[in-house]
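A short write-up of the structure that comes next.
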Amino acid sequence: MNFNMLNFRTLLVAGLSALCFTTSPFAANDKKDPPGDFYNEVSRLNKVLSEVNRKYVEDVNPTELTDAALNGIRNILDPHTTVFSPKDYESLKVSMEGKFGGVGITISLRDNILTVISPLSGTPAFRLGIRAGDRIRKIDGKDTKGLSLDEAVNKLRGKIGTDVTVSIEREGVPDLMDFTITRAEIIVHAVPYYGMVTKDIGYIKLATFSDKTTSDVENALKSLQKQGMKKIILDMRYNPGGLLNQAIEISELFLKQGNLIVSTRGRTQRTESHARKNGIVKPEVPMVVLLNQGSASAAEIVSGALQDWDRALIIGKTSFGKGSVQTIFPLDNQGNALKLTTAFYYLPFGRCINKPENGIKGLKIMEEEYAEEGDEKADSTKKDTAKVDTFYTNNGRMMFGSGGITPDVEVELSPMPWVVQVQERMAMYFKFAVKIRPELEKAGVKMSANWEVPDSLFTQFRDFCMKDTNFTKIKSNALVGVDQLEKSIVREQNYMGDSAKTVSDTALAKRLEEMRKTLENNRNAQFDENKQYIKDGIKRELLTAFLNDSVSTAFSLKQDKQLNEAIKYLSDMNLYKKTISAPSKKASKKSNKDSKK
């Protein structure tokens, strides 16, 4: 019997078997019994379930049993194996197809109110004049109070050509504004932005791998080539991945015909994917790929293939390390589906992208294998799973396996000051832009990329933050530490027989209050110390509100430390070639031979 054809009941039973076995009080036995026959175990568990169903003291909810079973499966396999409900499966298909019927807005909850973050350019909502910061108070006449984000999205999406009416509350407008929007096909572009960052360096932001990714990137490349692009930066930071075929096709744009891109290996799956044609970007065009800890899966395949063939320099931070293949198996006609991990990805010269901790079963197997060789090695493996194996690129540069993609040039980002962290986390720049926009429009301010934030607006922003009770009540780690110190003193006084609930020593209480005041003043001083950063944040949001995301993105990129590092390497060809070249011809030949074994 083929495992892929097992029905849902069998999967349920298998999951319950896993759950029951791991929670058994006898599971701690050091002696491990060999695994039994799968179908004998299923039969045994079927008998148990039958008795539970007939004789348990209370009625058993089958949905709860099912959920427990599915969690049991996941707990012994990996976090990417899961069962989708019809709703979740539909959402997955939308994200992979990159299109749906909707109005064309990005929304979020701000202060528990449904708020427009930005309208998508060219969509029905954009054409009707819906703005960033608009608060959606009603959808089709029904109050949105208490509505979850998912519920709101479901109400706004629908069949193309149908209407939905939203009642908008806007800063500076006394009454609600009703907009009747005709739903249209909304296409989520895989390339939200591209442009020239210098006179000869092109930049492409690649956000996801969906059905339209390759065509979006091709269009961006052709446009940049017309603008004089001689070098290219591909930004895949925070790209969570997506479709494997799109990762292969994107790699083909930059590699030579016949180059191996990726292989998959699993119990029932073994494939190799090669470039079927020469890339549309010539091999001599210098290239940098930007990665960080949010880059995963398909993004790691592309960057890893380009790194293995020494086609691009990788700059940023080590990627996530999600190198496993998931296959979708429909379970019934109601829309339930199983997403099952069926293989691992391997790069051209043998590296496995997957970090052991991203596959629970894989991590356990690795620890058991090393434990047989000695506890010391097992401990070291747990501490450093990212550098278990050594591999080499086509030119002979040393790489490490089992831990994502390690950049050729690592760029640490400067720690963000505490007050700025709070501002970003609480969307203070966004809120301020929404509030101040009517005033700026009334004053006739003409917003452009060259517009500078005046000091008066910076002062208004500081006052705006300090009047926001949600902002001011958030304490720094140092202030929290003072509070904990006071509680410790109170506990000690109580232990010594003093029943007071506050610090009884007047001098000590005064010193604690002085510490709090000093730390509060330090927070206020951080506004002035980070004046330029704050001005940039204000400008970023106002550019988005008045113009569009593209203008705002272009402005933000100028302050991007990792991007600026990429520009530095592409502007200095000696530095670029030195970094991407092999240590020596002799080392290159040896390492390639070893890595292909």
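FYI, the numbering just counts along the sequence from 1. Here the structure is a predicted model, which is why all the values come from computation and not from measurement.
Listed by first then second residue, pairs satisfying salt bridge (charged side-chain N to carboxylate O under 4.0 Å, His left out) with a partner in residues 235-252 read K205-D235, D235-R237, R237-D560, E252-R276, not counting sequence neighbours.
For the pair R397 and Y392, the cation-pi test (distance below 6.0 Å, angle within 45°) is failed. Seen from the ring of Y346, R351 does not count as a face-on cation partner, given the 6.0 Å and 45° thresholds.
Between atom CZ of residue F329 and atom CG of residue L340 there is a gap of 5.5 Å, rounded to the nearest 0.5 Å. From Y345, atom OH reaches atom CD1 of I261 across 12.5 Å, with rounding to the nearest 0.5 Å. Atom CD1 of I314 is separated from atom CG of L290 by 9.0 Å, given to the nearest 0.5 angstrom. How far CD1 of I250 is from CD1 of I204: 8.5 Å, rounded to the nearest 0.5 Å. Atoms CG and CG, from L338 and L331 in turn, are 5.5 Å apart once rounded to the nearest 0.5 Å. Note that CG of L114 and NZ of K138 are 14.5 Å apart. Values are rounded to the nearest 0.5 Å.
A distance-only check finds no donor-acceptor pair linking the side chain of N259 to the backbone of W309 [under 3.5 Å]. Under a 3.5 Å cut-off, the side chain of T341 and the backbone N or O of Q326 do not form any donor-acceptor pair. Remark: the backbone N or O of F38 is not paired with any side-chain donor or acceptor of E41 at under 3.5 angstrom. Checked by atom type and distance alone, the side chain of T144 never pairs as donor or acceptor with a backbone atom of L147 at under 3.5 Å. Here the side chain of N40 pairs no donor or acceptor atom with the backbone of S43 at under 3.5 angstrom. Between the side chain of R135 and the backbone N or O of I168, no donor-acceptor pair lies under 3.5 Å. Put simply, the side chain of K317 never gets that close to the backbone of G294: no donor and acceptor are under 3.5 Å apart. At least one donor-acceptor pair under 3.5 Å links the side chain of T123 to the backbone N or O of G104. Using modelled atom types, no side-chain atom of T165 and backbone atom of D140 make a donor-acceptor pair closer than 3.5 Å. Listed for the R183 side chain is a donor-acceptor partner under 3.5 Å among the backbone atoms of L156.
Contact record, T208 with A190: O-CB, 3.6 Å, taken as the closest heavy-atom pair. Nearest approach of A152 to I139, heavy atoms of both residues: O-CD1, 4.3 Å. Contact record, T213 with F209: OG1-CA, 3.2 Å, taken as the closest heavy-atom pair. Considering every non-hydrogen atom in both S303 and I405, the closest pair reads OG-CG1, 3.8 Å. Pairing each heavy atom of G241 with each of S297, the nearest pair is CA-CB, 4.1 Å. Scanning all heavy atoms of the two residues, the minimum distance from F391 to F349 falls at CD2-O, 3.2 Å.
R267 CZ: 12 or fewer foreign heavy atoms inside a 6.0 Å radius. Enclosure of atom CZ in F471 by more than 12 non-hydrogen atoms of other residues, nucleotides or ligands within 6.0 angstrom is indicated. Heavy-atom neighbours of N112 CG from other residues, nucleotides or ligands within 6.0 Å: at or below the threshold of 12. Residue D59 places its CG atom among 12 or fewer non-hydrogen atoms of other residues, nucleotides or ligands, all under 6.0 Å distant. Annotation for K155: atom NZ does not count as buried by contact number, only 12 or fewer foreign heavy atoms lying within 6.0 Å.
Counting heavy atoms from C-beta on, the side chains of D143 and R137 never come closer than 4.5 Å. You'll find the side chain of S324 stays beyond 4.5 Å of the side chain of I353, heavy atoms only. Within the 4.5 Å cutoff, no side-chain heavy atoms of L109 are placed close to those of T115. Contact of the Q293 side chain with the S319 side chain is not registered, since no non-hydrogen atoms from C-beta on lie closer than 4.5 Å. S273 is not listed as a side-chain neighbour of L260, based on a closest heavy-atom distance of 4.5 Å or more. Between I113 and I136 the shortest side-chain heavy-atom distance does not fall below 4.5 Å. Looking only at side-chain heavy atoms (C-beta outward), T390 and M398 come within less than 4.5 Å of each other. With contacts defined as side-chain heavy-atom distances shorter than 4.5 Å, the pair F430/I117 qualifies.
With no hydrogens or angles considered, a side-chain donor-acceptor pair links T214 and Q246 at under 3.5 Å. Judged purely by distance below 3.5 Å, without hydrogens or angles, the side chains of S295 and N239 never pair a donor atom with an acceptor atom. Between E218 and S215, the side chains place no donor N or O within less than 3.5 Å of an acceptor N or O (distance only, hydrogens not considered).
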As a quick check of understanding, evaluate side chain to side chain contact (heavy atoms under 4.5 Å, CB included) for F344 and T264, giving each step before the final call.
CA-CA 5 Å; F344 289 114; T264 63; over 6 Å; no

Apply side-chain hydrogen bond (donor to acceptor under 3.5 Å, both in side chains) to T327 and T342, showing your working.
CA-CA 7 Å; T327 306; T342 53; 2.9 Å; yes

Could you walk me through whether D134 and V166 pass the side chain to side chain contact (heavy atoms under 4.5 Å, CB included) test, one step at a time?
CA-CA 11 Å; D134 284 348; V166 294; over 6 Å; no

Checking V116 against T106 for the side chain to side chain contact (heavy atoms under 4.5 Å, CB included) test, could you report, in this order, the C-alpha distance in whole Å, the side-chain angles of both residues, the deciding distance, and whether it holds?
CA-CA 6 Å; V116 177; T106 302; over 6 Å; no

Side chain to side chain contact (heavy atoms under 4.5 Å, CB included), that's the test. Do I181 and D163 meet it? Break it down for me.
CA-CA 5 Å; I181 312 170; D163 291 342; over 6 Å; no

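Tested against Q307, the residues N394, T393, D408, T406 include a single side-chain hydrogen bond (donor to acceptor under 3.5 Å, both in side chains) partner, D408.
Between E300 and K322 no salt bridge is recorded (no basic side-chain N to carboxylate O distance below 4.0 Å).
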